[in-house]
There are 2 protein chains.
Amino acid sequence: MTPSNVEQVLNTWQDSLHQHGYRMTRPRRQVMEIIAASETALTPQEIYQKSLELERSLGIASVYRTLEMLEELGLIQQIHQPGGCHGIWPTLEGHKHHLICRDCGQMQVIEGNVDIDGYITAIEKQTGYRVDDHWLQFFGRCDGCLN
Amino acid sequence: MTPSNVEQVLNTWQDSLHQHGYRMTRPRRQVMEIIAASETALTPQEIYQKSLELERSLGIASVYRTLEMLEELGLIQQIHQPGGCHGIWPTLEGHKHHLICRDCGQMQVIEGNVDIDGYITAIEKQTGYRVDDHWLQFFGRCDGCLN
DNA sequence: TCCTTATTGATAATAATTATCATTATCAGT
DNA sequence: ACTGATAATGATAATTATTATCAATAAGGA
């Protein structure tokens with residue numbers, strides 16, 4: 001994110017905090033600046049570590065509390081990568097797409113018939129990345145939990 | 001997974017273990033049975049908890065070791081859901097797809113121009129789910145890390 | 001069946017997250 | 001600009017999850 005974009009995002013976020021009755025404090029601003037200025041998705045610990053290099057560092061608890069608030073407001077989201085673990089499931093050949101019920105956690109594996117390949121090629125050309133894997137996951141409520 | 005499918009999967013897995021020089025032990029079999037028989041993606045702790053109800057329960061360390069082995073063999077994979085955290089990123093309107101470099105962690109947000117909506121409708125009709133969110137993430141190596 | 005050694009389970013060590021609470025700082029209302 | 005009510009902080013204790021250690025055990029080839 002470019003510096004001017006960071007500034008803009010922070011202003012938007014500050015408005016959102018005030019609209020929801022939250023105060024804009026120095027620690028919160030620091031967390032938000034670190035997130036908005038980062039090239040990579042950061043963990044809570046990484047955000048805390050970065051703050052240690054600033055003239056006035058954060059308490060680790062404030063990092064967690066601020067992240068919780070920002071997520072509740074829908075201003076940030078969590079990014080998941082291979083390596084961290086939320087659940088274990090057998091690998092089935094050719095089945096890469098998962099459908100997960102938010103309520104009961106039940107999961108279904110669905111056949112992949114979206115034209116992802118063409119999309120991947122376009123992305124590679126556009127970004128210079130070499131893409132070697134992808135995840136497509138759907139979240140919602142299953143038939144049982146809806147009724 | 002149906003009981004007969006579980007049996008089938010376990011046999012396949014056992015072959016894979018032996019082919020790679022791993023022994024098939026009672027604890028490993030228990031972990032595999034629990035995973036294969038489950039309707040939902042389980043965490044290591046949940047697998048351990050389920051084993052406590054069995055006549056001979058698992059050591060928690062064996063659960064982690066078995067999962068590590070199964071993943072190395074490509075027999076299981078990790079499923080990620082909203083709520084667990086691997087990294088934090090600002091939410092940008094209409095930008096739901098992420099491209100992540102395995103090496104440096106750099107992330108790019110890419111415009112979503114895949115026809116996901118039609119796919120979602122088909123999934124809903126097919127499964128009875130109400131889908132309210134989805135994640136499409138691509139993993140690979142960025143231009144810089146490739147060279 | 002025996003023997004080699006991979007594997008286990010108990011537990012200690014480490015790391016990450018959440019809870020507690022006295023002190024501090026925000027900001028609405030003068 | 002000042003004040004006061006109270007939201008928020010930081011230090012740290014408590015909890016939880018994961019990894020490392022090592023003597024005892026058990027898998028499976030000879």
Side-chain angles (χ1 to χ4, degrees), chain A residues 10-11 13-34 41-73 75-76 78-88, chain B residues 10-11 13-34 41-73 75-76 78-88:
Chain A
L10 287 192
N11 285 338
W13 287 5
Q14 172 156 355
D15 289 348
S16 184
L17 294 210
H18 284 152
Q19 277 168 26
H20 291 82
Y22 291 109
R23 295 177 181 176
M24 175 57 104
T25 65
R26 176 198 280 264
R28 282 176 176 165
R29 172 168 285 277
Q30 274 192 5
V31 170
M32 295 191 285
E33 282 173 355
I34 290 171
L42 300 172
T43 65
Q45 294 294 332
E46 286 170 340
I47 292 168
Y48 173 67
Q49 290 302 323
K50 277 184 185 288
S51 86
L52 294 182
E53 299 163 8
L54 301 177
E55 69 292 349
R56 190 126 171 266
S57 65
L58 293 161
I60 185 64
S62 292
V63 174
Y64 281 100
R65 283 184 295 230
T66 301
L67 293 178
E68 189 180 17
M69 178 199 67
L70 290 174
E71 192 173 10
E72 180 203 323
L73 296 179
L75 302 177
I76 61 173
Q78 299 179 6
I79 301 300
H80 298 242
Q81 303 178 35
C85 176
H86 298 161
I88 293 295
Chain B
L10 287 193
N11 286 336
W13 287 5
Q14 173 157 352
D15 291 348
S16 183
L17 294 210
H18 284 152
Q19 278 168 26
H20 291 82
Y22 292 108
R23 294 176 180 175
M24 175 57 104
T25 65
R26 177 199 278 266
R28 282 176 178 165
R29 174 168 285 279
Q30 275 192 6
V31 170
M32 294 190 287
E33 282 173 354
I34 290 171
L42 301 172
T43 64
Q45 294 293 332
E46 286 169 340
I47 292 168
Y48 173 69
Q49 290 301 323
K50 277 183 185 287
S51 85
L52 294 181
E53 298 163 8
L54 302 177
E55 69 293 351
R56 191 128 169 265
S57 66
L58 293 161
I60 184 65
S62 292
V63 174
Y64 281 101
R65 282 184 296 231
T66 300
L67 293 178
E68 189 179 17
M69 179 199 65
L70 290 174
E71 191 172 11
E72 179 203 325
L73 296 179
L75 301 176
I76 60 172
Q78 298 179 5
I79 302 299
H80 298 242
Q81 303 177 36
C85 175
H86 298 161
I88 294 294

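Quick note: numbers below take in every heavy atom, side chains included, and nothing from hydrogens, waters or symmetry partners. In this text, all values refer to a predicted model and were calculated from it rather than measured experimentally. Chain letters run A, B, ... following the sequence lines, proteins first, then strands; residues in each count from 1.
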J.: Figure out the NE2/P separation between B/H86 and C/dA16, and round it to whole Å.
T.: 13 Å
J.: Can you tell which of D/dG28, C/dT11, D/dT6 lies closest to the side chain of A/R23?
T.: D/dT6
J.: Do any N or O atoms from the side chain of A/S51 and from the backbone of A/L58 form a donor-acceptor pair under 3.5 angstrom?
T.: yes
J.: Please report the closest heavy-atom contact between A/V63 and A/V31, naming both atoms and the distance.
T.: CA-CG2, 4.3 Å
J.: Measure the shortest side-chain to side-chain distance between B/L52 and B/Q49 over non-hydrogen atoms and say whether it is less than 4.5 angstrom.
T.: yes
J.: Measure the angle between the two terminal helix axes of the helix from C/dT1-D/dA30 to C/dT30-D/dA1, five base pairs each, and quote it to 10°.
T.: 50°
J.: Which atom names give the shortest non-hydrogen contact between B/I47 and B/I34, and what distance separates them?
T.: O-CD1, 3.7 Å
J.: Nearest-Å distance, NE2 (B/H20) to P (D/dG28)?
T.: 16 Å
J.: Where each residue is assigned the nucleotide of DNA chain D containing its nearest heavy atom, which of B/Y22 and A/G59 is assigned the position nearer the 5′ end?
T.: A/G59
J.: Can you measure B/E68 atom CD to C/dT7 atom P for me and round it to whole angstrom units?
T.: 12 Å
J.: Please give, in whole Å, the distance from D/dA8 P to A/Q30 CD?
T.: 17 Å
J.: Figure out the CD/C1' separation between A/Q45 and D/dA17, and round it to whole Å.
T.: 13 Å
J.: Compare the minimum distances between each of C/dG9, C/dC27, D/dG28 and the side chain of B/M24, then state the nucleotide with the smallest one.
T.: D/dG28
J.: What is the distance, rounded to the nearest whole Å, between atom CD1 of A/I60 and atom P of D/dT16?
T.: 19 Å
J.: Considering heavy-atom distances to DNA chain D, does B/P44 or B/R26 have its closest nucleotide positioned more toward the 5' end?
T.: B/P44
J.: Atom CZ of B/R29 and atom P of D/dA27: how far apart are they, to the nearest Å?
T.: 12 Å
J.: Measure from the side chain of B/A61, starting at C-beta and using heavy atoms only, and say which of D/dA20, C/dC27, C/dA19 lies closest.
T.: D/dA20
J.: Rounded off to whole Å, could you give me the CG-to-P distance for the B/L70 and C/dT7 pair?
T.: 12 Å
J.: Check every atom of C/dA16, C/dT7, D/dT12 against the side chain of B/R28 and return the nucleotide holding the closest atom.
T.: C/dT7
J.: Is any side-chain N or O of A/T25 closer than 4.0 Å to OP1 or OP2 of D/dT9?
T.: yes
J.: Could you pull out the closest heavy-atom pair between B/H80 and A/H86, with the gap in Å?
T.: CA-ND1, 3.6 Å
J.: With distance as the sole test, does A/E71 use its side chain to make a donor-acceptor pair with the main-chain N or O of B/I88 at under 3.5 Å?
T.: no
J.: Is any side-chain N or O of A/H18 closer than 4.0 Å to OP1 or OP2 of C/dC27?
T.: yes
J.: If you check the B/R65 side chain, which of D/dG28, C/dA16, C/dG9 turns out closest?
T.: C/dG9
J.: State, yes or no, whether a side-chain contact exists between A/K50 and A/E46 at a heavy-atom distance under 4.5 Å.
T.: no
J.: Quick one: are B/R28 and B/R65 in side-chain contact, heavy atoms under 4.5 Å?
T.: no
J.: Relative to the 5' end of DNA chain C, which residue comes earlier, B/R56 or B/C85, by the nucleotide with the nearest heavy atom?
T.: B/R56
